[in-house]
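To start, the structure itself, in structure tokens.
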Amino acid sequence: MSGAQSSSDKLSARDRILNVASDLFYHQGVRAIGIDTIIAAAGVAKMSLYRAFPSKDDLVAACLERRNEEFWERWERTLDQHPDDPRMQLENLLDTIMRRTLSDAYRGCPFLNTATEFPGSTLPADAVIRAHKHQVNERLRMLASAAGARDPQVLADQLQLLIDGAYTAGQALGAEGPSRALASAGRVLIAAALSE
């Protein structure tokens, strides 16, 4: 392999497929993108795709698994900014998510987008979506508990509803929409949950 080759040339066929499919699914939707489009954009043979992913359904699930890993890496970086202050961690998470939903590149929550395209499905992606959303709720509950919330589960549920609402509003209405209120609304709920 020559030193002049780009880093994308050095990626495995599987990684190229995942990168391309994840980007296309996110920006155009899962149903809108066919396997042939992914193969052409990734520059791989059809056999390479099917060797790595037996079906499009498996590819969608793998893309969401990768998105899940990226999400939790961002989450941990955000928490690391206030390692000993769970209330500040919660507030910082809201700030970070709000900024993301206001970005010009924002196209919605990939988990909610996919769930909307396949309501009530039993596809492999559905399990990834449910596990992700349950884990978000559990981690919010743990932070709420550590911050001293009277009812950590209620606060976690409230914050998750706000976050998912901001994800949707950010996609539909952009930077001028109500997702701008995520952080301030969340702070009201946190203050109420922690007050005596």
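Because the structure is a prediction, the values reported are computed rather than measured.
- Ring geometry for His132 against Phe111 counts as parallel: the plane angle stays under 30°, on a 0 to 90° scale with 60° as the upper cut.
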### Steps toward side-chain contact (heavy atoms from CB on, under 4.5 Å) verdict (Phe53, Leu18)
CA-CA 10 Å; Phe53 307 100; Leu18 269 175; 3.7 Å; yes
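- Under the 6.0 Å distance and 45° angle rule, Arg139 counts as a cation-pi partner of Trp72.
- Geometric assessment of Arg67 against the ring of Phe25 yields a negative cation-pi assignment under the 6.0 Å and 45° thresholds.
- Annotation: side chain of Asp151 is not in contact with side chain of Leu155 (no heavy-atom distance under 4.5 Å).
- The closest side-chain donor-acceptor pair between Asp157 and Gln153 falls under 3.5 angstrom.
- Inter-residue side-chain proximity for Pro178 and Leu173 is flagged as met; some heavy-atom pair is nearer than 4.5 Å.
- At distances below 3.5 Å, at least one donor-acceptor pair connects side-chain atoms of Asn92 with backbone N or O atoms of Thr78.
- A salt bridge between Arg141 and Glu138 is present, with a side-chain N of the basic residue lying under 4.0 Å from a carboxylate O of the acidic one.
- Salt-bridge annotation for Asp23 and Arg107: absent, with no side-chain N of the basic residue lying under 4.0 Å from a carboxylate O of the acidic one.
- Ion pair Arg100/Asp95 not flagged as a salt bridge, since none of the NZ, NE, NH1 or NH2 atoms sits closer than 4.0 Å to an Asp/Glu carboxylate oxygen.
- A donor-acceptor pair under 3.5 Å is absent between the side-chain atoms of Gln28 and the main chain of Ile33, judged by distance alone.
- Between Asp36 and Lys46 there is a side-chain heavy-atom pair separated by less than 4.5 Å.
- The closest side-chain heavy-atom distance from Ser22 to His27 is not below 4.5 Å.
- Phe71 and Leu64 fall into different hydrophobic clusters, where Ile, Leu, Val, Met, Phe, Trp and Tyr are joined by side-chain heavy atoms under 4.5 Å apart, directly or via other members.
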